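Below you'll find the structure, written out as structure tokens, and then a few comments.
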Amino acid sequence: MEIVWQTPANPPEKHDYIVRDGRRHVRPYYFEFISHVKNRWAGKTIVDLFAEEFKGRPYDYYVSAVKCGRIQVDGEMVPVSYIVKSSQKISHFVHRHEPPVMACDVSILQKEPDVVTVCKPPSAPVHPCGQYRKNTVVGILQAEHGLAPLFPVHRLDRLVSGLLILARNASKADLFRQQIEAGKVHKQYIAKVIGVFPEGEQVVDANINYNAKAGRSTAEAGGRCGDTPIKGKAACTKFTRISTNGTHSIVLCEPITGRTHQIRVHLLYTGHPIANDMLYLSEHVTDRSTEGMSADRAAAFSGHTQTTITIENCDKSENSNEDFSIDPMCTNCPNLAPKGYDGDEEGLWLHCIRYTGPEWIYECPHPEWASLS
């Protein structure tokens with residue numbers, strides 16, 4: 001089997017994507033992940049290091065990967081009993097499977113010499129992170145429109161849709177960054193929430209404490225609880241009801257600060273959470289591992305880049321492998337999606353509609369769910 005390894009320098013191409021059953025997949029590809037031995041890893045065998053630190057694959061896989069050279073130390077094959085030393089380079093050559101995203105177009109709103117604005121679809125991350133590299137807004141824009149390099153001016157959570165501003169050069173990106181840090185940029189979102197949201201402007205001033213292990217945030221009001229200081233970071237959001245039908249409300253959300261899941265948590269704090277936000281609607285949320293990942297966590301995990309758009313193959317089953325090569329050692333093959341991925345996700349009912357700065361304004365159309373009937 002001919003193996004062509006890819007690196008971050010290999011750009012996404014249009015034929016790298018497969019669309020099936022409403023999902024945009026990336027054709028699996030060979031990729032080299034590189035790391036360096038941390039002090040706490042030193043003294044372990046190469047197999048034990050991978051088995052203990054990267055639990056997404058079984059022990060036997062790592063034994064085989066070392067024996068055949070898919071795992072190397074300082075660019076050389078080593079025996080399975082090899083003891084690693086601090087700062088050594090370790091390489092893992094993998095058959096990389098990226099999680100699918102919803103098969104929505106990344107529509108370009110405005111294209112200027114220094115700026116591109118797009119309507120980001122839900123479920124696609126903005127830029128490479130975790131398991132995602134090509135199945136990102138930046139990757140898709142490069143593959144389908146030849147737009148590169150692009151510098152995201154701000155970020156939207158993976159499940160959030162709406163306006164995304166991308167600078168086309170580093171100097172323009174830095175100008176936007178300075179304006180944001182100076183508090184000169186005004187952000188507006190809309191959300192569909194449960195219940196009848198109160199009339200008039202509602203201001204939530206509650207600290208946000210993000211738990212990385214659980215992948216969720218909590219709101220904490222006040223400065224201190226007795227002698228225990230509040231752990232979270234200061235956060236403030238203004239909300240204004242746009243409409244309601246008695247069951248749901250459309251709410252304008254204007255974050256003053258930018259904390260992880262701030263709008264989602266502050267809406268929950270008001271008693272009117274986003275109506276399809278299962279992460280915060282669930283009363284009992286357990287920590288999620290690399291197996292059985294939810295939509296909110298899939299972007300957070302890395303494993304250690306060729307792929308094709310074939311719209312006519314949308315009716316193929318998930319296990320059909322006619323469009324890509326199967327790797328006999330791969331623990332994800334023959335499926336397109338990585339093992340343990342839950343593909344039954346939908347976009348969050350939270351949408352960025354407007355960013356306003358000094359002498360500029362960018363807007364995005366409202367989504368269908370914003371019209372209550």
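Only a predicted model underlies this, so the values are computations on that prediction, with no experimental measurement involved. We use all heavy atoms of the structure for the numbers below, so side chains are in, but hydrogens, waters and symmetry mates are not.
- Hydrophobic clustering places Leu49 together with Tyr59 (ILVMFWY residues linked when any side-chain heavy atoms are closer than 4.5 Å, directly or through intermediates).
- Note: Leu252 CG to Gln202 CD = 12.5 Å, rounded to the nearest 0.5 Å.
- A side-chain hydrogen bond (donor to acceptor under 3.5 Å, both in side chains) with Gln188 holds for exactly one of Glu254, Glu363, Lys238; it is Glu254.
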Passes side chain to side chain contact (heavy atoms under 4.5 Å, CB included), Cys236 versus Val203? Steps please. CA-CA 7 Å; Cys236 181; Val203 178; 3.7 Å; yes
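- The shortest side-chain heavy-atom distance between Ile108 and Leu147 falls under the 4.5 Å cut-off.
- For the side-chain hydrogen bond (donor to acceptor under 3.5 Å, both in side chains) test, residues two or more places apart in sequence or in another chain that qualify with Lys44 are Glu52.
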Take Phe176 and Trp360 through the test ring pair (Phe, Tyr, Trp, His ring centres under 6.0 Å) and record every step on the way to the result. CA-CA 11 Å; Phe176 277 120; Trp360 58 264; 5.2 Å; yes
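- For Tyr82, the ring pair (Phe, Tyr, Trp, His ring centres under 6.0 Å) criterion is met by no residue, not counting sequence neighbours.
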Kindly indicate, with the supporting measurements, whether the criterion side chain to side chain contact (heavy atoms under 4.5 Å, CB included) is fulfilled by Ile90 and Ile71. CA-CA 7 Å; Ile90 51 177; Ile71 290 177; 5.8 Å; no
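- Gly139 approaches Pro12 most closely through the heavy-atom pair O-CB, 3.7 Å.
- When His92, His95, His97 are each tested for a ring-ring contact (aromatic ring centres under 6.0 Å, His included) with Tyr30, only one passes: His95.
- Salt-bridge check for Arg70 with Glu32: failed, with every basic side-chain N at 4.0 Å or more from each acidic carboxylate O.
- Side-chain heavy atoms closer than 4.5 Å link hydrophobic residues (I, L, V, M, F, W, Y) into clusters, and following such links, even through other members, never connects Met77 to Phe50.
- Smallest separation of non-hydrogen atoms from Ser91 and Ile34: OG-CG1, 4.1 Å.
- Partners of Asp157 under the side-chain hydrogen bond (donor to acceptor under 3.5 Å, both in side chains) rule, at least two apart in sequence or in another chain, are Arg155.
- Between the side chain of Ser249 and the backbone N or O of Val251, no donor-acceptor pair lies under 3.5 Å.
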For Gln88 and Trp41: C-alpha separation, side-chain torsions, deciding distance, then whether side-chain hydrogen bond (donor to acceptor under 3.5 Å, both in side chains) applies. CA-CA 10 Å; Gln88 284 184 305; Trp41 295 353; over 6 Å; no
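- Both tests hold for Lys134 against Tyr29: distance to the six-membered ring centre under 6.0 Å, angle to the ring axis within 45°.
- A distance-only check finds a donor-acceptor pair linking the side chain of Asn332 to the backbone of Lys339 [under 3.5 Å].
- Under the 3.5 Å distance criterion, the side-chain polar atoms of His261 are left unmatched by any main-chain donor or acceptor of Arg216.
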Lys14 vs Glu144, salt bridge (Lys or Arg N to Asp or Glu O under 4.0 Å): CA-CA, chis, key distance, verdict: CA-CA 5 Å; Lys14 194 170 183 179; Glu144 297 189 351; over 6 Å; no
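- Note on Phe54: it clusters hydrophobically with Tyr61, by side-chain heavy-atom contacts below 4.5 Å among ILVMFWY residues.
- Minimum interatomic distance between Pro358 and Lys184 (heavy atoms only, all atoms of both residues): CD-O, 3.7 Å.
- Under 3.5 Å, the side chains of His351 and Ser161 contain a donor-acceptor pair of N or O atoms.
- One N or O on the side chain of Asn135 and one on the backbone of Arg24 form a donor-acceptor pair closer than 3.5 Å.
- Side chains of Thr257 and Gln262: a donor on one and an acceptor on the other come within 3.5 Å.
- For Glu199, the CD atom is loosely surrounded, since the number of other residues' heavy atoms within 6.0 Å does not exceed 12.
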Residues 113-125, side-chain donor-acceptor partners within the protein, below 3.5 Å, at least two apart:
from, atom 1, to, atom 2, distance (Å)
Asp114, OD1, Asn169, ND2, 3.0
Thr117, OG1, Gln110, N, 3.1
Lys120, NZ, Ala124, O, 2.8
Lys120, NZ, Arg158, O, 2.9
Lys120, NZ, Val160, O, 2.7
Ser123, OG, Met102, N, 2.7

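- Looking at heavy atoms from C-beta onward, Leu141 lies in side-chain contact with Leu150 at the 4.5 angstrom threshold.
- Close placement of the Tyr355 and His154 rings is indicated, their centers lying within 6.0 Å of each other.
- Side-chain contact between Lys233 and Asn207 is absent, with no heavy atoms from C-beta onward closer than 4.5 Å.
- The hydrophobic clustering, which links ILVMFWY residues whose side-chain heavy atoms are closer than 4.5 Å, places Phe239 and Trp369 together.
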Set out, in order, the CA-CA distance, both residues' side-chain angles and the distance that settles side chain to side chain contact (heavy atoms under 4.5 Å, CB included) for Ile208 and Glu220, then state yes or no. CA-CA 6 Å; Ile208 297 292; Glu220 302 171 319; over 6 Å; no
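- Between the Asn211 side chain and the Lys213 main chain, a donor and an acceptor come within less than 3.5 Å of each other.
- The structure places CG of Asn245 at 4.5 Å from CG of Leu372, a figure rounded to the nearest 0.5 Å.
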Evaluate the salt bridge (Lys or Arg N to Asp or Glu O under 4.0 Å) criterion for residues Asp74 and Lys89: first the C-alpha distance (whole Å), next the side-chain angles of each, then the deciding distance (0.1 Å), finally the verdict. CA-CA 5 Å; Asp74 289 333; Lys89 184 181 80 171; over 6 Å; no
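- Residues satisfying the side-chain hydrogen bond (donor to acceptor under 3.5 Å, both in side chains) criterion with Thr45, sequence neighbours excluded, are Asp48.
- Closest heavy-atom contact between Ile165 and Tyr362: CD1-CD1, 3.8 Å.
- Residues Leu267 and Phe197 have side chains in contact (heavy-atom distance under 4.5 Å, counting atoms from C-beta outward).
- Closest of all the heavy-atom pairs between Tyr132 and Pro99 is OH-CB, 3.4 Å.
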Given side chain to side chain contact (heavy atoms under 4.5 Å, CB included), test Ile180 with Val153 step by step and report yes or no. CA-CA 9 Å; Ile180 292 172; Val153 170; 3.9 Å; yes
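- At distances below 3.5 Å, at least one donor-acceptor pair connects side-chain atoms of Arg259 with backbone N or O atoms of Ala234.
- Taking the six-membered ring for Trp and the full ring otherwise, the centers of His25 and Phe324 sit at least 6.0 Å from each other.
- Closest approach of Ala275 to His248, counting heavy atoms only: CB-CD2, 3.6 Å.
- Side-chain heavy atoms closer than 4.5 Å link hydrophobic residues (I, L, V, M, F, W, Y) into clusters, and following such links, even through other members, never connects Phe151 to Val138.
- In this structure Glu181 satisfies the side-chain hydrogen bond (donor to acceptor under 3.5 Å, both in side chains) test together with Arg177, sequence neighbours excluded.
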Salt bridge (Lys or Arg N to Asp or Glu O under 4.0 Å) for Arg23 and Glu98? Distances and angles first, verdict last. CA-CA 12 Å; Arg23 294 287 184 266; Glu98 295 192 23; over 6 Å; no
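- We find the CG-SG distance between Asn335 and Cys333 to be 8.5 Å, quoted to the nearest 0.5 Å.
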